[in-house]
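Heads up, the thing below is written out as structure tokens.
Each residue takes its place number in the sequence, starting with 1.
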Amino acid sequence: METVAEGLWGLADMHEKKGEIGKAVKCLEAICQSQVSFLPILEIKTRLRIATLLLKHSHNLNHAKSHLERSQLLLKSIPSCFELKCRAYSLLSQCYHLVGAIPPQKQILNKALELTASSGDGFAVKLWFCNFNSQLANALIIEGDYQSSISALERGFNCATEICYIELQMFFATSILHVHLMQWDDVNLVERAVTKCNEVWDSFEPDKRQQSLGLLFYNELLHIFYRLRICDYKNAAQHVDKLDAAMKADLQQMQHIQELTKELDALNQSLSRHDLHYTDRSALSEKQAQVQEQLRRVTRLGSSGKESLESAYFGNVKRAWGDKLDLAPPPIDGEWLPKSAVYALIDLMVVIFGRPKGNFKECGKRIQSGLRTIQEELMKLGISDSVREVDLQHSAIWMAGVYLMLLMQFLENKVAVELTRSEFVEAQEALVQMRNWFLRFPTILQACESIIEMLRGQYAHSVGCFSEAAFHFIEAAKLTEGKSMQAMCQVYAAVSYICIGDAESSSQAFDLIGPVYRMMDSFVGVREKTSVLFAYGLLLMKQHNLQEARIRLATGLQITHNHLGNLQLVSQYLTILGSLALALHDTGQAREILKSSLTLAKKLYDIPTQIWVLSVLTALYQELGERGNEMENSEYQRRKADDLQKRLVDAHSSIHHIELVRTSILCLCIGCYEKDELEISNLQKIDCQICMHLLVFSLYIFMGRLKRSDLKFGSYMNLTSNVQLQAHP
């Protein structure tokens, strides 16, 4: 009967290679359903194979689970078979995870750990011990038990250290850092986790690093998230550059492999001809051998060796070589995210760092590249235009969540770019797309609801609907539990109230700014501090407290320049300070500051800020009696104002305008610009989008370790504001 089983196994392999998964499963199930009994070992191996196929190629989780549970029952009567028992435990753990049954998953993993504890100190036992601790850590994260998760990962790290397996050490070191980033309970613990990752990575030989591409990307991205959280943008940018270079090198290598594979296929096709002359066959055979050797050499650089039976990271099906970024060797053989998601995330990082510097052309390319990649992956998951959240298979929710969150973040950055450039219609379209995706997937994208509301506020303010903007900002603050997001939305709303200009609105602005100002030093990093100092400085200007405003704004500018590197925010700080200098009759400093601000505003294509700077410069030239400069400046200012007016008219005439700015009250569009009423000197703009702020939700969803009930925790935040502010008279 063993020969029969081997024959059916071979036939199943053949069907799998052809993509005929149903036929492959039927071949294997013929063994399990046979009237003639097979040896228990043969049946166990067959059921494990069936479960692997179902997990790899289908959404039939219950079918896979039944085979694995039957395998477990059969294994109980067999005293040996350590490897098969471990594989059964590992696969069953995956099944329980994918169906959301975390308590049974933990129970299975604890039994698996008991098995390893009673099986000696062999190398294979240690590897499985690492595998089960990794999976247990994932399960504990979903339950929010961060400390126990870290303990499981530390056990894995210590075991990897005992067997001197550096790749495993790095795997556990980065996983520990990841959990600390999600929890962020103690900045000192996070710093120690970062240091440990650096120590382990520095101990890698250069060749080993080149072969550990998955760990490279994982480690560098975690470092970026850490640096962004503490607002260390200078050092974060270095990691982004390293990631981008590694991605481009890998893409180049993959293209080379594809070319070699295509050439080899052509040679094989030619050699299959029966009428080929001996001389030609000999030459083609020699060429074939050369290409095969080239292909082996190239693929060996990125291959980690043997394949394991299953992937230990849930929701991520096995992929062909080159399309997977392994984090650890078998039997873990897991991945953090599919390569396409990692590369989209790298494009996103490039956008986030390039946008505040005005690198809009490169940002546009990366946004389009990322959106294209994500749309392709969503189609592979069966998410077409008509599919909604309720239509998703449970096992597809994990990957769908990853790509949908990435999609929303690209669209969010597109809105930010277009508002910065005063391309209001383009911003409308991206924001409407975000809203439509949210309506289709409200649970998966729950954390995006406050982001969308915030962006509606930014759009409304950009086109002059200040009252509506304040409403949306306050609503956004209500929709999030993140203290940072709440603070930023309060600041944005305060700026909108300042723009309305009446006494009551100024009072409301003060009520919003005050609490944030008092707690600004309690936040991690300085983004909240720079924003509230900006808004508070404006409010002080409106109250004619010019010296105090100057102190606050100068402090904010210094922090922005030293820590954030956001050219637009620097430009806007400079413009306000230039206005203050003029109001205080310091014309020499005013001229110098305003020219610097205008240079930055031009670089950023920031039309409202340019108009604002030009209006202040016109006033400066009037005071100095420089008639020629005044006339030239006024003409340039007029052209820019006409350009802005045309853009505003286009935005207001769009079918999306009303639905984006409307509130639960009648949309009055207070402050909407009319050409004959527009006071160019009152146009100002601030973009408080310093960079990405990653909180709990993004790290959960990127790990693929989020269940539906966890969606209320945290959010990914791109703190972007595009607002027009009233200058001091």
Answer yes when [X] and [Y] have at least one side-chain N-carboxylate O distance shorter than 4.0 Å, and no when they do not.
X    : Y    : result
K111 : E114 : no
K483 : E528 : no
K365 : D347 : no
E167 : K208 : yes
R366 : E362 : yes

Starting from the C-alpha separation in whole Å, work towards a yes-or-no answer on side chain to side chain contact (heavy atoms under 4.5 Å, CB included) for I332 and L168. CA-CA 9 Å; I332 293 180; L168 269 181; 3.6 Å; yes
Is a side-chain N or O of [X] found less than 3.5 angstrom from the main chain of [Y], in a donor-acceptor match?
X    : Y    : answer
S571 : L567 : no
S212 : R209 : no
S93  : Y89  : no
T116 : L113 : yes
N566 : Q568 : yes
E389 : I444 : yes

Just wondering, do [Y] and [X] contact through their side chains at under 4.5 Å, heavy atoms?
X    : Y    : answer
D244 : M247 : yes
F157 : K196 : yes
L533 : M520 : yes
F360 : R355 : yes
L136 : N110 : yes
L153 : N133 : no
L115 : C86  : yes

List the steps and the verdict of ring-ring contact (aromatic ring centres under 6.0 Å, His included) for F473 and Y492. CA-CA 7 Å; F473 288 136; Y492 298 160; 5.2 Å; yes
For D186, look at atom CG and say whether over 12 heavy atoms of other residues, nucleotides or ligands are found less than 6.0 Å away.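 Atom CG in D186 is crowded, with more than 12 foreign heavy atoms closer than 6.0 Å.
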Just wondering, are more than 12 heavy atoms of other shown residues or ligands nearer than 6.0 Å to CD in Q107?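 No - once you tally the heavy atoms of other residues, nucleotides and ligands closer than 6.0 Å, there are 12 at most.
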Does N413 form a side-chain hydrogen bond (donor to acceptor under 3.5 Å, both in side chains) with Q409? I'd like the steps, not just the answer. CA-CA 6 Å; N413 275 273; Q409 290 154 15; over 6 Å; no
In terms of relative ring orientation, are F441 and W437 parallel, tilted or perpendicular, with 30° and 60° separating the classes?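 Aromatic pair F441/W437 classed parallel.
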Assign the ring pair Y573 / F534 to parallel, tilted or perpendicular, where the plane angle (0 to 90°) is split at 30° and 60°.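 It falls in the perpendicular class, over 60°.
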Start with the C-alpha distance between E143 and K106, add both sets of side-chain angles, then the distance that settles salt bridge (charged side-chain N to carboxylate O under 4.0 Å, His left out), and finish with yes or no. CA-CA 11 Å; E143 293 187 331; K106 288 166 53 182; 2.7 Å; yes
How far apart are the C-alpha atoms of I451 and M485, what are their side-chain angles, what is the distance that settles it, and do they pass the side chain to side chain contact (heavy atoms under 4.5 Å, CB included) test? CA-CA 9 Å; I451 302 294; M485 178 69 164; 3.6 Å; yes
Verify side chain to side chain contact (heavy atoms under 4.5 Å, CB included) between F523 and K529, making sure each step is shown before the conclusion. CA-CA 8 Å; F523 293 101; K529 186 171 185 176; over 6 Å; no
Smallest separation among heavy atoms of [X] and [Y], with atom names:
X    : Y    : result
L479 : S450 : CB-CB, 3.8 Å
I374 : L407 : CD1-N, 3.6 Å
C95  : L55  : SG-CD2, 3.7 Å
L604 : K357 : CD2-C, 3.9 Å

Would [X] and [Y] count as having a side-chain donor-acceptor pair, cut-off 3.5 Å?
X    : Y    : result
E162 : N158 : no
T373 : Y403 : no
H178 : Y218 : yes
Y343 : D250 : yes
Q486 : T480 : no
N198 : H223 : yes

For F172 and R155, what are the C-alpha separation, side-chain angles and deciding distance, and is it a side chain to side chain contact (heavy atoms under 4.5 Å, CB included)? CA-CA 9 Å; F172 284 108; R155 289 195 296 270; over 6 Å; no
H239: partners by side-chain hydrogen bond (donor to acceptor under 3.5 Å, both in side chains), with sequence neighbours left out: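 Listed in chain order: E220.
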